[in-house]
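Let me begin by presenting the structure, written as structure tokens, before commenting on it.
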Amino acid sequence: MTTFDKREQGFEAKFAHEEELMFKAAARSNKLLGLWAAGQLGLDGDAAAAYATALVTDNLANQTMDETLNKVSGDLADKGISREQVALKLQECLHQALAQLEAASRQAG
């Protein structure tokens, strides 16, 4: 195997790792956002978990972040929560998810 082949494999492995990390972060942030939104809607227990899980599984079906924002902000519109507030919360959830994944990675390694 040439140096070029080794370098190519390294780049491919890094890309795959980063893609997996972003997938996990998006799923985790959607779950966190869903749990927050469920609380805003007055849902708890199984109903809150089901709402959060639906956001994750809907995202797996190629739903974009924009579609996730539209859904949650539409659900929360009657509560007086704007799309901008939901977008800020989603960003907060994404940062929290990345921090959780990094912490888990450090503990595993």
Side-chain angles (χ1 to χ4, degrees):
M1 181 177 291
T2 67
T3 302
F4 180 76
D5 291 334
K6 289 178 185 176
R7 184 177 292 166
E8 183 179 18
Q9 281 184 341
F11 283 127
E12 288 173 359
K14 183 180 179 196
F15 178 77
H17 174 73
E18 289 174 356
E19 285 295 307
E20 180 182 1
L21 177 64
M22 288 312 298
F23 174 80
K24 288 179 179 179
R28 189 173 292 220
S29 66
N30 281 355
K31 183 162 188 156
L32 292 170
L33 180 68
L35 291 172
W36 171 79
Q40 301 301 311
L41 293 167
L43 303 175
D44 59 4
D46 290 342
Y51 183 89
T53 300
L55 274 186
V56 173
T57 56
D58 288 350
N59 194 25
L60 293 176
N62 297 323
Q63 183 175 356
T64 65
M65 288 291 215
D66 200 46
E67 291 169 327
T68 300
L69 283 173
N70 288 340
K71 182 199 179 341
V72 174
S73 61
D75 292 346
L76 295 176
D78 290 344
K79 302 291 181 181
I81 299 172
S82 70
R83 187 177 196 283
E84 291 77 22
Q85 289 170 300
V86 175
L88 288 173
K89 187 64 178 181
L90 179 57
Q91 284 298 316
E92 180 184 315
C93 291
L94 184 57
H95 290 295
Q96 185 179 357
L98 285 168
Q100 289 173 357
L101 289 169
E102 288 173 7
S105 177
R106 281 192 300 266
Q107 287 177 350

Taking atom [atom1] of [X] and atom [atom2] of [Y], what is their separation to the nearest 0.5 Å?
X     : Y     : atom1 : atom2 : answer
Leu33 : Gln96 : CG    : CD    : 11.0 Å
Leu94 : Met22 : CG    : CE    : 5.5 Å
Gln85 : Leu76 : CD    : CG    : 9.5 Å
Arg83 : Asp66 : CZ    : CG    : 4.5 Å
Asn30 : Thr53 : CG    : OG1   : 11.0 Å
Asp75 : Leu43 : CG    : CG    : 9.5 Å

Given the rule in the side-chain contact (heavy atoms from CB on, under 4.5 Å) test, do Leu55 and Thr68 qualify, once you have shown the distances and angles that lead to the verdict? CA-CA 7 Å; Leu55 274 186; Thr68 300; 4.1 Å; yes
Write down the atom of [X], the atom of [Y], and the distance for their closest heavy-atom approach.
X     : Y     : answer
Tyr51 : Ala37 : CE2-CB, 3.7 Å
Val86 : Ile81 : CG2-CG2, 3.9 Å
Ser29 : Ala97 : N-CB, 3.8 Å
Lys31 : Ala52 : O-CB, 3.6 Å
Ala26 : Met65 : CB-CE, 4.5 Å
Ala25 : Leu98 : CB-CD2, 3.6 Å

Set of residues satisfying side chain to side chain contact (heavy atoms under 4.5 Å, CB included) with respect to Glu92, sequence neighbours excluded: Lys89
Check the hydrophobic clustering (I, L, V, M, F, W, Y; side-chain heavy atoms under 4.5 Å; chains of links allowed) and say if Val72 and Leu90 are grouped together. yes
Are Trp36 and Leu41 linked, directly or through intermediate hydrophobic residues, by side-chain heavy-atom contacts shorter than 4.5 Å (ILVMFWY only)? yes
Determine, for Glu67 against Lys71, whether the closest basic-nitrogen to carboxylate-oxygen distance falls under 4.0 angstrom. no
